[in-house]
Structure formats: C-alpha cells, structure tokens
Amino acid sequence: MIASAPVFAGASMRVSRLMLVTLRDDPAEAEIPSHKLLLRAGFMRRLSSGIYAYLPLLWRVLQKISTIVRQEMDTTGALETLLPQLQPADLWERSGRWAGYTAGEGIMFHLTDRQGRELGLGPTHEEVITTLAADLLRSYRQLPVNLYQIQTKFRDEIRPRFGLMRGREFIMKDAYSFHGDEDSLKQTYAAMDLAYRRIFQRCGLRTVAVEADSGAIGGSASQEFMVTAEAGEDLILASADGRYAANQERAVSLPPEALPLPSGLGAGGAGAPLSTPGQTTIEQLCGAHGFEASQLVKVLLLLARFADGQVQPLLISLRGDQQLNAVKLANAVTARLAPAHGALLAIDPLTAELVRSEKLALDLSEIPFGYLGPDLDDAVLAKTPEVMGLDLSARPGEAPGGGAATHPPSVRLARSFLRLADTTAADLAAFVCGANAVDGHRVGASWPGLGLQPEALDLRAAQSGDRCLHDPDQCLQAARGIEVGHIFQLGRKYSEALEARFTNESGVEEAFWMGCYGIGVSRLAQAAVEQHHDRDGICWPVAIAPFEVIVVIANTQEAAQVELAEGLYNELSAAGIEVLLDDRSERAGVKFKDADLIGIPWRVVVGRGAASGQVELVRRAGSEKLELPASAVCARLEIEISRGRAGVPAAG
RNA sequence: CGGGAUGUGGCGCAGCUUGGUAGCGCACUUCGUUCGGGACGAAGGGGCCGCAGGUUCGAAUCCUGUCAUCCCGACCA
C-alpha cells in the first residue's frame, strides 16, 4: 500500500476566519449523537428534509475521504469519470426501471423539460454507464474496464433520516465494471473487496464485511461493509469466530431442533381433530394443550402485487417458532413470477383493509383466520363480494361507484395460492396445524396426509443465538451497523436489458458481465462521527479530520503566547501538517470546548508556560497530556500524525 | 403513505389549560472588569408567535384547513 499523502499538505487556517459557529444546545431536529454533533460543531446545516449544506469543515472531511477513495480506486486501475446527473427517461424505460423508480414509492426525482421530455435526477448510474460502455467498448481486447465517479446522488427517500445517514441529496462513489466473462468479474469484485477494506481502514473506521441481499439492484453475489454502531439501521448477524457475517436480510443459520410430537399424537395422516375455540394464536394453542411452538405449522396469507397489475395470493407455511424473512420471501416470489408479470411491487398481509383499499373483488369472510392449515382450499379465493357489486372484468377506473384508478394497468387477481413452505416446516414429519375451520386444529398431520408436497425453501429469519451453518458450535451474535459500502456482481442483467454487447474472441456478440461498487461518502463521514465521539464532541480519526492540529492561544492578550503560537503555527504548516490557530479573543475555556467539540485530533495549548517556551500537547481521543518545549512539538507531531494518517488496523 | 409528536427572535425553551397584544437562557452589538475548561456587570438590537381562514370587542392562546420538521414502519450508499 502506498503511503498516504496528506490531502491538504500544510493547509492552515485561523479560527477567527473560519466562520465557525458552534451551538451549546443540541438542535431539536437531531436524534443520534453524530447528527447532533455535526450540527452543534458547525459542520453542516439543514436546508430541507434530507438536504444539507456542507460547511467548510465538513467539506474538508468529505474531500479527504474522497481523496482516499480516489487513491485506492486508482490503485486498482479503475478510471475516474463524471457522468450526467440529469438523465433522459427513455434510457430508464429501456432498462425497465423508469416506472418503478418514478411511480408510487419510486425514489427518482423527475421532471419535464420545456420540450415535454421527461428527465430523472440520477439516483444511480447503471443505465448511463451501460449505454456509454455499449458505445465505447466494442472488443474483448478492451476488457475489463472499471469506471468510477464521486458525485452527488439524488434519491427521493421515503423517509430521510439522521442527517447525512439517509439524505435525499448525498455524495456517493459509484463504480461499474465491464467484463468478457464471469471469472474476470469475480477478479475485479475481489479486488474491490480488498480496496474497500483499505479505504475504510485508512479512514480510521472499524468495519465488518457482511453477506448481503442484492435487493432492487439485482445480480448474484453482494457484500456490504458496515460501520458497527448502535445507531445503525441494519442488523448484522455474525459468528464469534469471524468466519461468517451477514445482514439479517440475508443471513442463514441452523434452526433450533424441533421437538417431535409425542408418538401417540403423531397419526401421520391428515391429523386428529382438536377443538380449540378462541385459540387463534400460537401462545394460546401451546398454553392450552401443552404443545411446543416448534410442533406447529403456521400459515400466513399474503398478497403480492406486480408491475403488470397481477395480484397473487400467497400461502406461506412456517414452523410455529420461526419468523418470516420478508426479503427472502420477496426474492422467492420474484424468481417465480417476475419473468411473467414484471417487477414485484409489494407483498402485504392479506387483510380486509388491503382488499378494500386495492378494490379487489375478493370476499375474505370465508377464510378462517387463526385456524389456517397449509391445505387451505383455493376455493376461498373464488368468492366475489356481491355487495360491492364489483365485476371481475371491470377495469378499476370504471368500477361502479369507484373513484380514480389505483393502478395504471388493470388489476388481475389470481384465484389460486402460490404455496411456499419454509424448510423447517417442510421437514416436520407430523405437526399441529389449523383445521381450516373456525375453532378447530388438527394434531399429528403430515404433508402427505394433507395431500401436499411442499417445495422447501429458506424463508425463515435467522436470529441472534442461532447455530451457524459452517460450525454448529458457533452461534450468531447480533450487532447494529451503518452500511457505508456495497459491492455487487450484477451479471448481465443491465447489459442484456440495454443491449450492451462486445465482440468476443470468436467474433460473436455477447453481453457484458458487470459489477457495481458503491461507497456513501457523506454517510461515511457521519458514520465516522458515530463511531468516534465522546461526551465532549467529535474525535476525528487523523486521516479524515478537517485539520490535524489546533494551536490554542490560551490568552491572546499575552504577547509571549501569541508570538510563540504564531511561530508554532507557521512551523507546523511548513512541515506539511494541517493546522488551525485559535487566535480568537475568547477565554481559554471557550476555545478548549470548541476544540473538543469539532474534534481536531491534536491540540497544542500555548499558555502559562509560553514565557519559558513550554507548551502542552493533548490528544483528543483519550486523556493524554504532555508538557514539552515548543521546539519539540513539530517533530513529535510529525511522527504521531504520519502514523494517524495511515488509519487503523484492518478489521473483519 | 399509515401511526406518533412538534412548529413562539440565529439556537434551546416557557407562555396556550382559564383569550387582553410576548418572555427566559444562550448567541449578537457597545462599554467596563475578568482571562487555563462554555466569566461578570451595565446598556442595546432583533419576533408577520409556520401559513390561511374562522369565532370574538380582542387570538401565540379557541375552532377548521394547510404547510413544514422530527420519530416508528417499507427503501438504500
């Protein structure tokens, strides 16, 4: 690894000229420590929800992070570019993402120009870059290529949150790689993995790399880099030996052993009837009859909605002691139905409210909620409510007495369930389940006995405390994390959709293999504060601190102090150290408080000892204080700071 | 979008229940004292009480609507 050059070598500034405005009280708008501190310490101001002005101190931090990112990306041979933020709709229509990204819960800001053309403000750049690659990359000889940029992204987040953590306008490094084959993609993916570890390490962040769900971006493999912090939005499950870590959305584990039903109860057929009046929950059922939750199969009814208007009822069977992982379910449903019906828009519980709000011609009154079994008959979906007067063939917009259409395409309701079962349920030889009739359950039912052969899938949520797959002696432990980076193997999803091809060695046209790699630069800055602060303020890691040293003149009316401090300030600056001089005519206490708050890693106090040439050196993180001659300060700091610029030892 | 909360000088808040024309702390300006952990005194400037309607002789206060911000859920760097 190359030694890190300082970003603003020798940059210096007087606090009196810095437009430093610090606040004594926590702003009411902020909830988590990093957000409060960045506002209090004068690093940023909110302009609107999720939209922030980066003030001079923060802009220096962001540029330092960007420089580290740039150096490490360049080291891997990636090429820096700058792509348009204003992007034509037709490009997004070609990839099939325009509707999903602009309509409904879409996150793309979009507008119409004076010619009536529709444009979107880039939330991500797969479309632009793939089009560009298709234009420029004609031959396998040009591959692989990895292009990146650092720029502002726009996302109309459903809920902006926690300052820079989830902004609507934020700075991101995004990279996209193009390959002739999957092996090449995997090589670059691995190189990005290493580059990312170096980037976070150099930024002074403790991160953990976790297996991740690919989400809406798509593709096969993906890995997230998490800054571990209490305020993190994500839940990480990791083994103590460090060999497995995953986002809970993706995590797999060994389920707890199920307790077999006592043999007398295990009839193995369709089950023996059991009267269970009013016992609609697993707790009630277990409490009343002495069952364990792992002896039960519970059934969830859900409704999946697709871009083409298809509405698909789902019947999900889970072992009674397990929870559904919504992400795994969405992936399974997408894999089965998205090819025919377009993007999966939402999966919601099948409730009367949903049926009403979606104006579905479905009567739920026949469904015995609380007593469902996996063999619930599709016939329950056949009933159309007469009172609503809805005609199945009617388009929603034309429904009698109805209001405006809720879906652009006409809604089509499938009249049979898509039945999926989690492995833990499918593996039960005999179980307790609902009788599909009010006030009744069945004991000792089996899958063959119910006439079902469920497809076993992993749909359960892994939990803290579960045993690990790689080593059953290891257990998963939960931690919270802030996602600061995410790398994906995209495969050919975008290149095929956008017909981005090159000519391979055999002279045949072929779609590119692609990867994409993101780092939330502004989020990383706040995550660093979240990880590095104390009661008094921020403790910036040296490598991304706005300045490395602050020289505080305890009393500016003492000529000896001023003279010594000015000399040190010039000496440090000349030595290539980024230094602030607090020359304000404030009392010493005010200046100490501000220095702690804004988090400069090293403080040199020029005070009472100035007459004899003595100063005090204080490290912001920790409580080290050192009296030394001013003449020794520069040499000492050069050593300490060059060490700090290299970051922290790599983790996870 | 659903649920919860809040909008009063730049920041943090009180006042609202029981209507009578706005107050405290910090910050800011000037003067004096003080000067190593957010000093003290004196004087001063700054507010369409989010916005729009309504009730009333009179509204920060009561009513209706609306907008904004924050928190909890789906989204993601």
Side-chain angles (χ1 to χ4, degrees), chain A residues 21-32 35-36 39-40 42 45-51 65 69 100-101 104-108 123-124 150-175 196 212-217 222 224-227 233-234 247 249 326-327 330 345-348 353-354 357 482-488 516-527 536-537 552-558 561 585-597 603 605-610 615-616 618 625:
Chain A
V21 179
T22 56
L23 307 173
R24 281 196 195 210
D25 300 306
D26 284 334
E29 71 188 59
E31 199 77 7
I32 64 173
H35 189 192
K36 289 178 179 171
L39 290 167
R40 271 191 64 203
R45 284 295 168 98
R46 194 195 74 230
L47 198 62
S48 176
S49 179
I51 303 176
I65 295 168
V69 168
Y101 267 69
E105 307 225 309
I107 55 159
M108 182 150 63
T124 176
I150 298 172
Q151 71 163 193
T152 299
K153 290 283 187 282
F154 297 91
R155 292 186 187 173
D156 193 1
E157 291 286 346
I158 301 165
R159 185 150 95 83
R161 230 196 303 218
F162 301 149
L164 305 182
M165 287 295 193
R166 181 173 299 283
R168 295 196 294 170
E169 180 180 325
F170 61 98
I171 300 174
M172 178 173 170
K173 188 283 299 182
D174 49 329
Y196 273 40
D213 181 72
S214 296
I217 306 282
S222 92
E224 291 167 335
F225 294 86
M226 299 284 192
V227 170
E233 293 183 281
D234 291 275
N247 193 311
E249 295 173 352
V327 173
L345 299 179
I347 296 181
D348 298 296
E353 295 78 53
L354 183 69
S357 68
I482 301 163
E483 180 189 350
V484 291
H486 199 161
I487 59 177
F488 299 81
C516 79
Y517 319 93
I519 290 179
V521 172
S522 42
R523 177 184 283 181
L524 191 159
Q526 187 170 328
D536 297 317
V552 176
I553 308 173
N555 186 343
T556 52
Q557 292 175 354
E558 296 287 333
Q561 293 184 19
S585 57
E586 295 287 348
R587 296 163 57 96
V590 172
K591 291 191 266 199
F592 294 155
K593 287 284 185 194
D594 275 343
D596 286 347
L597 185 58
R603 184 173 88 214
V605 182
V606 182
R608 288 187 287 248
V615 300
E616 186 179 271
V618 186
K625 273 189 190 177

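So that the names make sense, note that chain A is the first sequence line, chain B the second, and so on, each numbered from 1. Values below: all heavy atoms of this structure, side chains included; hydrogens, waters and symmetry mates excluded.
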Which one, [options], comes nearest to the side chain of [X]?
X	options	answer
A/E233	B/C35, B/C75, B/U69	B/C75
A/E616	B/C72, B/A77, B/G36	B/G36
A/E157	B/A74, B/G36, B/A77	B/A77

Rounding to an integer number of Å, can you tell me how far [X] [atom1] sits from [N] [atom2]?
X	N	atom1	atom2	result
A/F154	B/C76	CZ	P	19 Å
A/R40	B/G38	CZ	P	14 Å
A/I158	B/C72	CD1	C1'	14 Å
A/I150	B/A77	CD1	C1'	13 Å
A/Y196	B/A77	OH	P	10 Å
A/D594	B/C26	CG	P	17 Å
A/D213	B/A74	CG	P	14 Å
A/R166	B/C75	CZ	P	10 Å

Look only at the side chain of [X] and the backbone of [Y], and say whether a donor-acceptor pair between them is shorter than 3.5 Å.
X	Y	value
A/R168	A/S49	yes
A/K173	A/Y517	yes
A/R523	A/M165	yes
A/Q526	A/F162	yes

Pairwise [atom1] distance, [M] and [N] [rounded to whole Å]:
N	M	atom1	value
B/C35	B/C40	P	15 Å
B/A59	B/U17	C1'	15 Å
B/G41	B/A22	C1'	26 Å
B/C16	B/C62	C1'	10 Å
B/A43	B/U61	C1'	33 Å
B/U34	B/G15	P	41 Å
B/G3	B/U8	C1'	27 Å
B/C57	B/G73	C1'	50 Å

Nucleotide paired to [N] in any strand shown, Watson-Crick or G-U, under 3.5 Å:
N	answer
B/A14	none
B/G19	none
B/U6	B/A68
B/G37	none
B/C75	none
B/C48	none
B/U29	B/A43

[X] near the nucleic acid: base, sugar-phosphate alone, or nothing, with a heavy-atom cut-off under 4.0 Å?
X	result
A/E586	nothing
A/G485	sugar-phosphate
A/F162	sugar-phosphate
A/T556	nothing
A/V590	base
A/V521	nothing

Nucleotide N/O to protein N/O under 3.5 Å, stretch nucleotides 2-12 of chain B:
from: B/G12; atom 1: OP1; to: A/A28; atom 2: N; distance (Å): 2.9

- Message: Would you compute the distance between atom CG of A/D174 and atom NZ of A/K153 and round it to the nearest 0.5 angstrom?
- Response: 3.5 Å
- Can you find an N or O donor on one side and an acceptor on the other, under 3.5 Å apart, linking the side chain of A/D596 with the base of B/G37? yes
- Message: Between the base of B/G36 and the side chain of A/R603, is there a donor and acceptor pair under 3.5 angstrom?
- Response: no
- Message: Run the salt bridge (charged side-chain N to carboxylate O under 4.0 Å, His left out) test against A/D348 and tell me which residues pass, sequence neighbours left out.
- Response: A/R305
- Task: Mind checking salt bridge (charged side-chain N to carboxylate O under 4.0 Å, His left out) for A/R587 and listing every partner two or more places apart, or none if nothing turns up?
- Result: none
Please identify each residue that fulfils side chain to side chain contact (heavy atoms under 4.5 Å, CB included) with [X], with sequence neighbours left out.
X	answer
A/T152	A/Q85, A/F154, A/E169, A/I171
A/K36	A/D26, A/A30
A/Q561	A/I553, A/A554, A/N555, A/E558, A/V606, A/A610
A/L23	A/P27, A/R40, A/R45

- Non-neighbouring partners of A/R608 that pass side-chain hydrogen bond (donor to acceptor under 3.5 Å, both in side chains), sequence neighbours left out: none
Under 4.0 Å between a side-chain N or O of [X] and OP1 or OP2 of [N]?
X	N	value
A/R161	B/C76	no
A/T124	B/A77	no
A/S49	B/C70	yes

- B/A77 base stacked by A/F170? Criteria: ring centres under 5.5 Å, plane angle under 30°. yes
- Message: Taking the six-membered ring of A/F170 as reference, does the cationic atom of A/R155 (NZ for Lys, CZ for Arg) lie under 6.0 Å from its centre and within 45° of its axis?
- Response: no
Between the protein and nucleotides 32-34 of chain B, list the N/O to N/O atom pairs that are separated by less than 3.5 angstrom.
from: B/U34; atom 1: O2; to: A/R587; atom 2: NH1; distance (Å): 2.8

- Which sits closer to the 5' end of RNA chain B, A/E224 or A/N555, going by the nucleotide each is nearest to? A/N555
- Message: I want to confirm an ordering. Mapping A/R523 and A/P160 to their closest nucleotides on RNA chain B, which one lands closer to the 5' end?
- Response: A/P160
